[in-house]
Amino acid sequence: MAGETPQSVEVVKVGFLGLSDGKREPEIVRVQLTSDSLVLQREETVYGNSLAAISTQVNNFDIDSNRERSVILRRQKSGGLGLSIKGGAEHNIPVLISRIFKDQAADQTGQLFVGDAIIKVNGVNVEHSTHDDVVQHLKNSPDDVKLTVRYYRAATPYLRAPAKRSRYSSETCNGNVAVADNDSGQSEWKTPPRSPTVPLTGGRYEKRWTNILTIPLAMAALTKYQTGTDKLRPNSFEVWGGDGVTSAVLHCNDITEVSEWCRVITTAIAAANATFITHMGWLTERIGASRNWQNWKPRFVALRGEDMFLMDTPPISTRDWVRCDRIYKLHELMCKMNRDQEVLDDRLYCLSLQLATGESCYLSVETKEELTLWLGAIQTATHHAVRIIGRKTFGVSWQRRLAALTLDFTTGFTLYDGENKTVLWTYKFSQLKGSSDDSKSKIKLLFQSPNLRHIETQELECPNLQALLFSMHAFLSAKLAAVDPVFVRSLANMAV
């Protein structure tokens with residue numbers, strides 16, 4: 001059914017509220033609060049055959065091929081990208097190219113066809129995005145747009161049959177929204193040669209809930225007050241997204257319902273923020289400097305999910321996160337404060353990042369308190385990253401046989417045979433009593449035996465030794481934090 005939330009996203013609360021634009025009476029909408037967004041849906045009439053049949057065929061075996069194609073479009077001043085799109089996640093189908101305009105950008109490539117599903121826009125996956133989301137990606141793209149597409153032959157009969165279009169469906173023509181029935185006949189229906197047609201039968205009009213607005217919860221805000229005043233909204237509240245533009249005023253039946261919705265939404269926003277960004281702010285990085293010549297550049301640093309991002313400017317859109325070329329896995333780096341004898345110049349409050357690749361970053365902040373804050377934030381973000389990934393496996397050799405060493409946040413160290421995947425040995429993190437390495441590829445792990453009578457030594461060889469060592473440190477630290485967080489916090493404070 002159109003508008004359903006994917007099963008991978010947890011639905012927290014569903015209900016019916018009034019949606020107001022401040023000009024007309026509130027419209028009844030269905031509100032779905034998920035773990036990552038607030039989705040508003042409107043009941044609309046659609047032609048059941050066109051959307052449901054395509055969804056069924058696409059999700060089964062009627063895909064022309066699994067091959068994806070990448071095409072570069074150069075936006076034209078007149079005509080834009082020269083194509084129209086239909087569909088989207090709200091209809092349980094990908095966004096599809098529905099028209100290609102003759103002699104315009106898409107047509108000139110010779111590589112795009114009606115029925116192509118848009119999988120990525122400039123490297124950002126949009127296969128399961130809504131129609132409006134893909135429109136925004138296309139509008140906000142630079143003049144050179146890279147589309148990754150896959151041809152769905154099941155879509156072609158629907159897209160070529162104007163009689164089967166619902167007057168409620170919409171197309172995006174060259175980045176602008178237009179009603180699908182407004183077909184001027186100026187487009188060229190380019191489809192790949194030898195594409196069989198698939199007749200769609202059994203169509204009928206039916207009512208469905210379709211998404212009209214999705215507000216991501218990360219960095220979102222909620223208020224019960226009228227904008228810029230101390231006056232409460234009567235039995236209503238407003239939610240706006242982190243972009244400062246997307247918002248909705250929702251009306252409830254009474255103050256009890258307002259309080260309940262506000263409680264669950266603010267809780268969900270806090271949870272989304274915790275998984276989205278742990279900490280962010282400006283630091284200064286030392287670039288290619290010597291004692292006699294320094295070059296310091298400001299860097300915007302964000303700790304998000306499993307990664308640390310180093311950027312020249314703060315991220316404004318999702319695209320900025322994807323385009324960042326300095327993304328480091330938190331569990332594969334080591335952070336340390338540079339004490340007085342370790343600083344490289346006259347800047348006092350510095351920290352160093354050592355990466356598993358052998359690279360390093362030397363960063364500076366302005367105050368001792370800020371240094372303490374960053375050290376604690378990196379530690380917290382690393383522990384959170386470990387809990388997100390859960391386990392990490394490295395290819396190793398043990399007693400001259402290929403094996404796989406897995407670090408698991410729950411179970412500890414496990415070594416698997418490289419051929420038959422059987423377990424060769426396993427130890428809890430608490431059993432590790434020491435380790436040593438040759439700084440090249442060999443590592444020796446000392447474990448307390450289960451009967452506590454002796455130490456068992458396991459010698460391994462790992463081609464990616466530095467990453468293994470850093471990951472071991474991250475997993476052990478995260479495990480200790482889960483057992484005794486007060487002790488871990490005290491270690492962070494002692495570091496400064």
Side-chain angles (χ1 to χ4, degrees), residues 6 8-9 34-37 68-75 80-81 83 85 87-89 94-97 112 116-150 172 175 214-220 241-246 272-283 285 297-333 353 355-357 359 361 378 381-382 384-385 388-389:
S8 59
V9 178
T34 72
S35 56
D36 62 7
S37 60
E68 295 182 358
R69 314 187 315 275
S70 293
V71 182
I72 302 293
L73 289 176
R74 178 172 288 275
R75 192 188 308 274
L81 299 177
L83 55 80
I85 61 174
V95 168
L96 303 164
I97 295 179
L112 292 173
D116 276 341
I118 299 178
I119 307 301
K120 296 178 183 179
V121 178
N122 291 326
V124 179
N125 193 300
V126 296
E127 187 171 8
H128 303 293
S129 297
T130 64
H131 180 276
D132 289 346
D133 287 341
V134 176
V135 171
Q136 289 306 312
H137 277 294
L138 293 173
K139 282 184 175 180
N140 296 332
S141 296
D143 288 342
D144 288 335
V145 183
K146 180 180 179 181
L147 295 183
T148 302
V149 299
R150 183 191 304 131
T172 299
T214 299
I215 302 178
L217 294 180
M219 303 300 149
D243 58 3
V245 177
T246 308
N273 287 341
T275 58
F276 187 69
I277 296 177
T278 304
H279 191 68
M280 60 183 175
W282 287 98
L283 290 87
E285 182 180 15
K297 289 188 176 181
R299 297 285 187 238
F300 189 84
V301 181
L303 308 177
R304 179 191 184 206
E306 308 170 33
D307 305 306
M308 172 184 283
F309 294 75
L310 269 68
M311 307 177 176
D312 293 329
T313 58
I316 304 300
S317 66
T318 303
R319 227 171 39 252
D320 296 330
W321 294 101
V322 176
R323 289 178 174 178
C324 178
D325 57 3
R326 296 183 68 186
I327 306 176
Y328 306 125
K329 292 295 179 186
L330 284 163
H331 67 278
E332 292 186 353
L333 62 81
L353 300 177
L355 310 177
T357 58
E359 304 172 73
C361 299
I378 292 173
T382 301
H384 180 61
I388 291 175
I389 62 176

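Both backbone and side-chain heavy atoms feed into the values below; hydrogens, waters and symmetry mates do not. These figures come from a predicted structure and were not determined experimentally.
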side-chain contact (heavy atoms from CB on, under 4.5 Å) with A385: which residues, sequence neighbours excluded?
E306, L330
Excluding sequence neighbours, so at least two apart, what forms side-chain contact (heavy atoms from CB on, under 4.5 Å) with P315?
F300, M311, D320, W321
Suppose we screen for side-chain hydrogen bond (donor to acceptor under 3.5 Å, both in side chains). Which residues come up paired with S141, at least two apart in sequence or across chains?
N122
Nearest heavy-atom pair of G87 and H131: which atoms, and what distance?
O-CB, 3.1 Å
Would you compute the distance between atom CG of L96 and atom CG of L83 and round it to the nearest 0.5 angstrom?
12.0 Å
Heavy-atom distance under 4.5 Å between the side chains of I118 and H137, does that happen here?
no
For D143, which residues count as a side-chain contact (heavy atoms from CB on, under 4.5 Å) partner, sequence neighbours excluded?
R75
Could you walk me through whether R326 and C361 pass side chain to side chain contact (heavy atoms under 4.5 Å, CB included), step by step?
CA-CA 11 Å; R326 296 183 68 186; C361 299; 3.3 Å; yes
Crowding at CZ, R74 (>12 non-hydrogen neighbours, <6.0 Å):
no
When you compare the side chain of V145 with that of L81, does any pair of heavy atoms fall below 4.5 Å?
yes
Test log, rule side chain to side chain contact (heavy atoms under 4.5 Å, CB included), inputs D312 and R299:
CA-CA 5 Å; D312 293 329; R299 297 285 187 238; 2.7 Å; yes
Under the salt bridge (Lys or Arg N to Asp or Glu O under 4.0 Å) test, which residues partner E359, sequence neighbours left out?
none
Report the distance from atom OG1 of T382 to atom CG of L303, rounding to the nearest 0.5 Å.
8.0 Å
Any residue meeting ring-ring contact (aromatic ring centres under 6.0 Å, His included) with Y328, in chain and number order, not counting sequence neighbours:
none
Is any side-chain heavy atom of L147 closer than 4.5 Å to one of V121?
yes
Just jot down the side-chain hydrogen bond (donor to acceptor under 3.5 Å, both in side chains) partners of T130, sequence neighbours excluded, or say none.
D133
Determine whether E68 and K120 satisfy the following criterion, salt bridge (charged side-chain N to carboxylate O under 4.0 Å, His left out), listing intermediate values before the conclusion.
CA-CA 10 Å; E68 295 182 358; K120 296 178 183 179; 5.0 Å; no
Given side chains that start at C-beta, do those of V135 and I85 come closer than 4.5 Å, heavy atoms only?
yes
Using a 4.5 Å cut-off on heavy atoms from C-beta on, say whether the side chain of M308 contacts that of I327.
no
By salt bridge (Lys or Arg N to Asp or Glu O under 4.0 Å) - contacts of E332 (at least two apart)
K392
Rounded to the nearest 0.5 Å, what separation is found between the NE2 atom of H331 and the CD1 atom of I389?
4.0 Å
For V71, the side-chain contact (heavy atoms from CB on, under 4.5 Å) test, sequence neighbours excluded, returns T109, Q111, L112
If you take all heavy atoms of V134 and S129, which pair is closest and at what distance?
CG2-CB, 4.0 Å
Kindly write out the residues that satisfy salt bridge (Lys or Arg N to Asp or Glu O under 4.0 Å) with D325, not counting sequence neighbours, or none if the list is empty.
none
H279: partners by ring-ring contact (aromatic ring centres under 6.0 Å, His included), with sequence neighbours left out
W374
Steps toward salt bridge (charged side-chain N to carboxylate O under 4.0 Å, His left out) verdict (D116, R150):
CA-CA 5 Å; D116 276 341; R150 183 191 304 131; over 6 Å; no
Could you work out, with salt bridge (Lys or Arg N to Asp or Glu O under 4.0 Å) as the rule, every residue matching D307, not counting sequence neighbours?
K329
If I compare all heavy atoms of P142 with all of R323, which pair ends up nearest, and what's the gap?
CD-NH2, 3.4 Å
One should read off an interatomic distance between K297 NZ and L310 CG, to the nearest 0.5 angstrom, of 13.0 Å
